[in-house]
Amino acid sequence: MVSLIHCSVLSLQLLLHFVCHSVRAASEGSESGPQTQLKSADMSINSLLRWTLRSQRKQLVTRFTHHRTLSGAEAVNALRPFYFAVHPDFFGQYPREREVNENSLKRLNGYLENLQKSDSKSVRPMTLTFFVRETKDNSDVQPDMLTSGFRSVSFILQTQDVLSTVINILASCSLPVEHLKGLKGSSQTSHSAPEAGLFFYRPIKWDKSYYSFTGFRDPEEELHQARTVEPTLSLWLKNNEPEATKKHSASLPRREELNRLKKELCKTFHLADIRWQRSWSVTHKCCQLQSLSRLSYQNPEALINLQGHTVVFADQSGMNASGHVLLGNMDVHHQWAKLFEQLPGYHSLQQQTNWLKERISHLLGGTQVVHMERLGLVQPIAEHYSTLNTFHKNLMSQRLCLHPRSLSGLTMVLEKDCSTPILHETGHFIIPTSCDPSKLQVFLQTHASEARQRIQRRNQLQVEEDAVVQSCLQTLSPRSLSKEPSISSSQMIQCCQRLLAQHPPLLQGLHICVSHFYSVLQDGDLCVPWNWKN
């Protein structure tokens, strides 16, 4: 743009010089003074120069804006990874999160529609919050310890064009933007944005090894699977069983080593269990256990404080709200050993946490405060203690009139970000930390009967799920049969009942995980959708 304007200026300067020279040549025989003619010529040329510069700038801006404008269909296509990560259908077990995503999607669609109108400059900034899906493996953890599989993301929309808005959304949710290169104008925007002072971005495309190392799902792979027309279960197994069998056979030595190391460490240091926060590959899990084993040989005294604990390999080191010891995936031996030395202090904090839970239960008629990792990210025990302490002080500000055992058998989860009390479909209460005690008492007493019914229904579904899974293992002979955290008991039961009815022969000896899509994992595990087609 600058170079074109510069050329226009040079051309007009030459034209001005030529005209002035002609005026001087003609002024010798003119009756009017030469200064008057020169002044008039200068004014005309300067006006022409200003008009040309404005016209040239306007054409370039118009051309640039045209190149970086996306149609509605292109915007939807560019946001496919985002829609796949936040679609409300994936949040069936979490009504609050589902409602948040539904409302935010409606507001986002309205924002994009207004941007495509001629008066897009009048669109006001908008703050949106989404719960973004993260798939985690539940094969190594107990049901009450499963993470929710999603995280909360908030961002502000204040861009004045569709493409910049799409880039802002994807970047805020840590989703790839590499596929935008294929859209109209994306390449022009990436080169011109810094010069024009517009939104600048640098697309990041992670290597496949990144997803294997971190345990995150590859968004591009999931998007590809979502776009592909879903085949029947028999056809998909027929096409992918050889690859799965090959990968599984190659992983057998690593699986045996993993089991050996796990049993050895649990027995030597009297550990309750060893688990993993994410679905890392078998090779990566072996490396983690080997690191812990080397530390036990180098500094055996450091692991004495681990006795009786459950060790969880996670993103960060510390102790979670459930009292499990977290070993950070990126931490070195020195940091692990330092954590083990600090465990007595964590034990004291855990005792204070348990005392607060008992006091709260006594004040709320026997309702137990529980912590479910599936309802959020891993919560450190210090943060959990702070939440309990704040809630306990709030309860003590008013004297409640509840019979000590009137609400026994019910459970509740404290949420700082929750605004109103909620009865979850599985039967536990979700209570805001700052909830008014008198309103809380009324809410608990009003919904106690329905909560017990939902708990009973949940327990019945769990028993039915366990029975049908065991039946599938005996009848179809898969090596293992599990499900992802986002799959409800009802969906798992329906899937297993259909498997028993169809009796597909290719499941024998395979590791099967019920999910929302088809996939062959790195170690030969097969993910099949719960609502697979016949």
Side-chain angles (χ1 to χ4, degrees), residues 94 96-97 100 129 131 134 141 144-154 275 277 305 308-312 314-328 331 335-336 338-400 402 407 410-422 424 428-441 443-444:
Y94 307 99
R96 180 173 68 92
E97 290 76 10
V100 169
T129 298
F131 288 93
E134 287 185 344
V141 295
D144 62 337
M145 284 300 300
L146 294 176
T147 55
S148 63
F150 54 76
R151 55 191 167 86
S152 176
V153 174
S154 298
R275 304 174 184 173
Q277 179 188 351
N305 292 332
H309 281 286
T310 294
V311 173
V312 180
D315 296 329
Q316 295 179 345
S317 296
M319 179 178 285
N320 66 3
S322 300
H324 299 161
V325 178
L326 307 178
L327 299 183
D331 292 342
Q335 293 167 309
W336 286 0
K338 186 176 181 180
L339 170 64
F340 299 154
E341 294 176 357
Q342 298 172 346
L343 285 181
Y346 281 110
H347 294 160
S348 176
L349 187 59
Q350 188 178 9
Q351 290 176 355
Q352 299 178 47
T353 299
N354 293 335
W355 180 85
L356 281 175
K357 289 182 178 180
E358 292 177 1
R359 292 295 305 159
I360 293 172
S361 177
H362 177 74
L363 294 172
L364 294 181
T367 305
Q368 295 289 329
V369 179
V370 297
H371 178 75
M372 298 182 180
E373 296 291 350
R374 68 172 66 193
L375 294 179
L377 299 176
V378 173
Q379 186 180 33
I381 191 169
E383 181 181 337
H384 187 50
Y385 171 81
S386 177
T387 301
L388 289 170
N389 192 37
T390 302
F391 184 72
H392 180 255
K393 291 180 179 179
N394 189 36
L395 285 180
M396 294 296 291
S397 64
Q398 299 184 29
R399 186 175 181 84
L400 301 181
L402 281 169
L407 300 178
L410 302 181
T411 57
M412 58 183 289
V413 176
L414 296 179
E415 286 283 347
K416 293 189 298 183
D417 300 329
C418 184
S419 58
T420 57
I422 300 174
H424 196 268
H428 62 267
F429 296 105
I430 302 176
I431 305 300
T433 307
S434 59
C435 184
D436 180 74
S438 59
K439 294 181 179 179
L440 175 60
Q441 176 179 338
F443 179 81
L444 294 176

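Along the sequence shown, the residues carry numbers beginning at 1.
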Just checking, any donor-acceptor pair under 3.5 angstrom between side chains of Gln368 and Thr411? no

Exactly one of Thr387, Leu395, Asn389 clears side chain to side chain contact (heavy atoms under 4.5 Å, CB included) with Phe391, and that residue is Leu395

Rounded distance [0.5 Å steps], CG in Leu414 versus NE2 in His392: 12.0 Å

I'd like to check Leu388 versus Trp355 (side-chain heavy atoms, cut-off strictly below 4.5 Å). Are they in contact? no

Could you check whether any side-chain heavy atom of His309 comes within less than 4.5 Å of a side-chain heavy atom of Tyr346, counting everything from C-beta outward? no

Okay, side chain of Ser348, backbone of Gly345: is any donor-acceptor separation there less than 3.5 Å? no

For the SG atom of Cys435 and the CD atom of Gln441, what is their distance to the nearest 0.5 Å? 11.5 Å

Evaluation steps, side chain to side chain contact (heavy atoms under 4.5 Å, CB included), between Leu410 and Leu444: CA-CA 9 Å; Leu410 302 181; Leu444 294 176; over 6 Å; no

Taking all non-hydrogen atoms of both residues, which atom of Leu400 and which atom of Pro437 are closest, and how far apart? CD2-O, 3.6 Å

Do the side chains of Leu402 and Leu363 get nearer than 4.5 Å, heavy atoms only? no

Heavy atoms from other residues, nucleotides or ligands near CD of Gln316 exceed 12 (cutoff 6.0 Å): no

The salt bridge (Lys or Arg N to Asp or Glu O under 4.0 Å) partners of Glu383 (sequence neighbours excluded) come to Lys416

Ignoring hydrogens and geometry, is there a side-chain-to-backbone donor-acceptor pair from Asp331 to Trp336 under 3.5 Å? no

Applying side-chain hydrogen bond (donor to acceptor under 3.5 Å, both in side chains), can you list everything that pairs with Gln342, at least two apart in sequence or on another chain? none

Could you tell me the separation between the CG atom of Leu343 and the CG atom of Leu349, rounded to the nearest 0.5 Å? 12.0 Å

Could you work out, with ring-ring contact (aromatic ring centres under 6.0 Å, His included) as the rule, every residue matching His362, not counting sequence neighbours? none

Worked verdict on Met319 versus His384 for side chain to side chain contact (heavy atoms under 4.5 Å, CB included): CA-CA 11 Å; Met319 179 178 285; His384 187 50; over 6 Å; no

Quick one: ring-ring contact (aromatic ring centres under 6.0 Å, His included) partners of Phe443, sequence neighbours excluded? Phe429, His447

List the steps, then state whether side chain to side chain contact (heavy atoms under 4.5 Å, CB included) holds for Val369 with Leu356. CA-CA 9 Å; Val369 179; Leu356 281 175; over 6 Å; no

To check you understand the geometry: which heavy-atom pair defines the closest contact between Ser322 and His371, and what is its length? OG-CD2, 3.9 Å

Closest non-hydrogen atom pair between Ser154 and Thr129, with its separation: OG-OG1, 2.8 Å

Kindly write out the residues that satisfy side chain to side chain contact (heavy atoms under 4.5 Å, CB included) with Glu341, not counting sequence neighbours, or none if the list is empty. none

What's the verdict on side chain to side chain contact (heavy atoms under 4.5 Å, CB included) for Leu364 and Met412, showing C-alpha distance, side-chain angles and the deciding distance? CA-CA 10 Å; Leu364 294 181; Met412 58 183 289; 3.5 Å; yes

Can you tell me if Thr390 uses its side chain to pair, donor with acceptor, with the backbone of Ser386 under 3.5 Å? yes

Could you tell me the separation between the CD1 atom of Ile360 and the CD1 atom of Ile431, rounded to the nearest 0.5 Å? 11.5 Å

Can you tell me how far the NE2 atom of His347 sits from the CD atom of Gln351, to the nearest 0.5 Å? 9.0 Å

Considering residues at least two apart in sequence or located in another chain, which fulfil the side-chain hydrogen bond (donor to acceptor under 3.5 Å, both in side chains) criterion with Asp436? Gln398, Ser438

Whether the side chain of Gln352 engages the backbone of Tyr385 through a donor-acceptor N/O pair (distance < 3.5 Å, no angle test) should be reported. no

In Å and rounded to the nearest 0.5 Å, what is the NE2 to CD1 distance from His428 to Ile422? 9.5 Å

